[in-house]
Amino acid sequence: MAWKTLDDMDLSGKVVLTRVDINVPMDAGRVTDTTRIDKIKPTVEAIIAKGGKVVLLAHFDRPKGKVVPEMSLSHVVGAVEASLGRKVVFGTDCIGAPAEAAIAAAGPGDVVLLENTRFHPGEEKNAPELAAEMAKLGQVFVNDAFSAAHRAHASTEGLAKLLPAAAGRLMEAELKALDAALGTPLRPVVAVVGGAKVSTKLDLLGNLVTKVDHLVIGGGMANTFLVAQGIEVGKSLAERDMADTAREILVKAKAAGCTIHLPIDVVVAREFKAGAAYDVVAADACPADAMILDAGPMTVAAIVKVFEACKTLIWNGPLGAFEIAPFDAATNAAAKSAAALTKTGSLISVAGGGDTVSALNQAGAAEDFTFISTAGGAFLEWMEGKELPGVAALMG
Ligand code: ADP
Ligand code: MG
């Protein structure tokens, strides 16, 4: 791997500035889900085991360069202490005397948490002066916030250029999984792209057709591809003005040797509500007054066959309107098949995207996937083939 990890760094006696994502959900001053905090524990433990002092840098919510008391990281100190099982010393600013005092006050094995980096306008502007002020506080920079790596900010990209820098354990796991799925994958590779709209996933589709052997298109965006082939889709969600674009993607796929799989049969209904009456019809037989809300069983069987023939799967976007049963059936069945193939060792499966993660959890399949990315925007930009500045800064 081209990026450095904690294993490459000498941390003994050093102050290690560690960028993490602990932007956890809060309700009435209480952290409601500590997953993001729990996930930084391996990195914190590794740094301490190597003799370093952990100084956490993080953003919280969107204060837009101003001090907003409700968005202070002081509110998460208790949750961080509970999750890490270590004493946390809070610094009321991420630079200057308050930060220095907190670092000095922390004893061996304590963790320092500095105030919200986004309280400074220079953070999101990637201001060199702010990065330089942060760099003064320590000797090594560790970035464990893959989910923030698609933005060049002072505490992500700026700082990495000023200090010896490495990926933390969580970032390392994410980079390895993503590389295994699209960088240097075992072939054949299948990508599943679903979700609502083609227009939000154009770059993603354009990149994938050049990289994968099979592309399964599902969800609302499959309707747009059906329209592009002259098929009527009734009242379905479809972007008719995207038909030309969809055709261009099909042409690009053919040239690149990527086989596209569109729905063969579909689930149609007149209303989008729980338990609505539905029919399964051929993909070109959606009644004029109905909408396509899911892929049908023949389509699922075809998808499972592709999964069985492939060694690597990368998935973003549900195959249907999975929030409401029975329109979650295709997503659930395909997810369960991918999970089972992963369990037997015949498939490497990587998935990401906000709704995708909920859909795979809902299907009870997430645990058996090789890797589920919770990075949201950063995961999507990576699937689009874009260079992530926070990762690029860790190279070499
Ligand atoms: P992600 O958040 O994982 O990137 P998207 O936001 O692109 O995924 O897509 C998820 C949304 O797509 C869901 O709200 C789902 O209901 C919707 N969707 C999927 N298939 C259809 C369909 N056939 N008709 C309408 N909406 C659909
Ligand atoms: Mg979404």
Side-chain angles (χ1 to χ4, degrees), residues 147 150 178 181 191-205 207-208 215-228 231-240 242 246 261-274 276 278-281 283-287 289-297 299-300 303 313-335 338 349-363 365-366 369 371-384 386:
S147 53
H150 56 316
L178 300 189
V192 172
V193 180
K197 292 180 170 180
V198 172
S199 54
T200 59
K201 295 195 177 169
L202 275 181
D203 290 346
L204 195 144
L205 291 166
N207 182 44
L208 286 178
L215 177 62
V216 172
I217 299 176
M221 70 169 65
N223 302 337
T224 301
F225 279 86
L226 294 175
V227 168
I231 293 169
E232 266 318 309
V233 295
K235 292 209 157 68
S236 304
L237 171 70
E239 296 170 286
R240 290 166 197 282
M242 281 280 142
H261 302 267
L262 287 170
I264 307 161
D265 57 348
V266 290
V267 175
V268 298
R270 266 105 192 150
E271 327 169 80
F272 181 42
K273 64 169 203 202
Y278 66 92
D279 282 314
V280 177
V281 299
D284 61 359
C286 177
D289 64 342
M291 16 179 200
I292 299 172
L293 289 171
D294 198 12
T299 305
V300 172
I303 293 172
L313 162 68
I314 172 140
W315 187 333
N316 168 257
L319 295 174
F322 76 100
E323 293 95 336
I324 294 183
F327 311 113
D328 57 348
T331 303
N332 287 347
S349 50
V350 175
D355 291 295
T356 310
V357 175
S358 353
L360 297 183
N361 279 327
Q362 196 174 301
F369 268 60
F371 189 80
I372 301 270
S373 173
T374 51
F379 176 83
L380 289 175
E381 287 199 22
W382 167 82
M383 264 184 101
E384 290 167 0
K386 295 192 176 133

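Counting starts at 1 for both ligands and their atoms, following the listed order.
- Put simply, the side chain of Trp382 never gets that close to the backbone of Glu384: no donor and acceptor are under 3.5 Å apart.
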Before you tell me yes or no, could you show the steps for Val233 and Val266 under side chain to side chain contact (heavy atoms under 4.5 Å, CB included), namely the whole-Å CA-CA distance, both residues' side-chain angles and the distance that decides it to 0.1 Å? CA-CA 10 Å; Val233 295; Val266 290; over 6 Å; no

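- Within ligand 1, the atoms closer than 4.0 Å to a non-hydrogen atom of Gly353 are 3 (O), numbered from 1 in the order shown.
- Protein nitrogen, oxygen and sulfur atoms, that is N, O or S, within less than 2.8 Å of the Mg ion (ligand 2) amount to 1.
- Distance alone, capped at 3.5 Å, places no donor-acceptor pair between the Asp328 side chain and the Ala359 backbone.
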Verdict with reasoning, Arg270 to Asp289, per side chain to side chain contact (heavy atoms under 4.5 Å, CB included): CA-CA 7 Å; Arg270 266 105 192 150; Asp289 64 342; 3.1 Å; yes

Given side chain to side chain contact (heavy atoms under 4.5 Å, CB included), test Leu178 with Phe379 step by step and report yes or no. CA-CA 9 Å; Leu178 300 189; Phe379 176 83; 3.8 Å; yes

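- Residue Ala378 comes nearest to His150 through the heavy atom pair CB-ND1, 3.5 Å, listed as atom of the first residue, atom of the second, then distance.
- Of all protein heavy atoms, the one closest to atom 9 (O) of ligand 1 is Gly195 CA, 3.1 Å.
- Under a 4.0 Å criterion applied to the non-hydrogen atoms of Pro318, ligand 1 contributes the atoms 8 (O), 9 (O), 10 (C).
- In this structure, Tyr278 places its OH atom where only 12 or fewer heavy-atom neighbours from other residues, nucleotides or ligands lie under 6.0 Å away.
- Heavy atoms of Leu237 found under 4.0 angstrom from ligand 1 belong exclusively to the side chain.
- Rounded to the nearest 0.5 angstrom, Met221 CE and Leu226 CG are separated by 12.5 Å.
- Looking at atom 1 (P) of ligand 1, its nearest protein heavy atom turns out to be Asp355 N, 3.6 Å.
- Note: an N/O pair closer than 3.5 Å links Ile292 and ligand 1 by distance alone.
- Side chain of Asn316 to backbone of Gly352: a donor-acceptor contact under 3.5 angstrom is found.
- Atom CZ in Phe369 sits 9.5 Å away from atom OG1 in Thr356 (nearest 0.5 Å).
- Ranking protein heavy atoms by distance to atom 12 (O) of ligand 1, first place goes to Ala196 N, 3.1 Å.
- Ligand 1 has Lys201 within reach: a non-hydrogen atom of the residue lies less than 4.0 Å from it.
- Residue, atom and distance of the protein heavy atom nearest to atom 13 (C) of ligand 1 are Glu323 OE2, 3.2 Å.
- Heavy atoms only, all atoms of each residue included: Ser236 and Asn223 are closest at CB-ND2, 3.6 Å.
- At a heavy-atom cutoff of 4.0 Å, ligand 1 is contacted by no atom of Met291, backbone or side chain.
- Of the protein's heavy atoms, Gly320 O, 3.1 Å lies nearest to atom 19 (C) of ligand 1.
- Looking only at protein heavy atoms, the nearest one to atom 3 (O) of ligand 1 is Thr356 OG1, 2.4 Å.
- Checking each of Asn332, Thr331, Leu360 against Pro318 for a side chain to side chain contact (heavy atoms under 4.5 Å, CB included) leaves exactly one that passes, namely Thr331.
- Close approach of ligand 1 to Gly220 is summarised as follows: ligand atoms under 4.0 Å from at least one heavy atom of the residue are 19 (C), 20 (N), 21 (C), 22 (C), 23 (N).
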